[in-house]
Amino acid sequence: LLAYHPEILERLRSPSVEAPWRVLVSGCIAGWGCGVDGTDYGMANSMQELLSLPTVQVLPFCPEQHSMGTPRTMPDIHGGDGVDVLEGRAKVLDEHGSDLTQAMIDGAMAMVAFAQANQAELALLTDMSAACGSQVISDGCRLIELRRYRKGVGVATAALLKIGLPVVSQRDY
């Protein structure tokens, strides 16, 4: 979203060691083994320099792990993006066709509650995720030979944006 809305960072207060930015971070970016396969998708070191700054307080959370556990099947949005899922116009299905829509919504709402309880000021989430994507998501199942993509947000990102929390991806950095 920063590519389209650079003013997002301009609106944030200046962080300090005494009052660091409270940044909600996807669990996999924080190094949690919360991916569908129990890994961090190789993300643990992707943002280490930023997340280790004394002016950043990391608030890790994984909405998918929270609601579905790890390991789990692969959730993907069908028929829209995360906004559409929250509005009932799209579904989240796994590679077997099982409906994971309510579990994804539950995870998103838990992430919102966590962000609010910890007074998060910014979210740094993993792009291309059905939960955390902020720019690009899969258009249907990502485990097919010719994976399709669409511009859009994941379910948790949509819920965070709805409460006004700015969301950026690891790619924005």
CD on Q135 to CG on L125, rounded to 0.5 Å =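 That separation rounds to 11.5 Å.
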If we ignore hydrogens and angles and just use 3.5 Å, is the side chain of [X] paired with the main-chain N or O of [Y] as donor and acceptor?
X: W21; Y: R13; answer: yes
X: S169; Y: D127; answer: no
X: S26; Y: C28; answer: no
X: R72; Y: G69; answer: yes
X: T39; Y: G35; answer: no
X: D84; Y: D81; answer: yes
X: Y41; Y: V36; answer: yes
X: T126; Y: C132; answer: no
X: E121; Y: R22; answer: yes
X: S52; Y: Q48; answer: yes

Mind checking side chain to side chain donor-acceptor pair (under 3.5 Å) for E95 and listing every partner two or more places apart, or none if nothing turns up?
->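 With sequence neighbours excluded, E95 shows a side chain to side chain donor-acceptor pair (under 3.5 Å) to no residue whatsoever.
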With sequence neighbours left out, which residue pairs that include part of residues 100-114 fulfil the side chain to side chain donor-acceptor pair (under 3.5 Å) condition?
->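 Non-adjacent pairs meeting side chain to side chain donor-acceptor pair (under 3.5 Å): D99-T101, Q102-D106.
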What pair of heavy atoms forms the shortest contact from [X] to [Y], and how long is it?
X: P75; Y: M104; answer: CB-SD, 4.1 Å
X: I29; Y: S46; answer: CG2-OG, 4.4 Å
X: A158; Y: V153; answer: CB-CG2, 3.9 Å

Among side-chain atoms of R148 and S138, is any donor-acceptor pair under 3.5 angstrom?
->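 S138 and R148 do not have a side-chain donor-acceptor pair below 3.5 Å.
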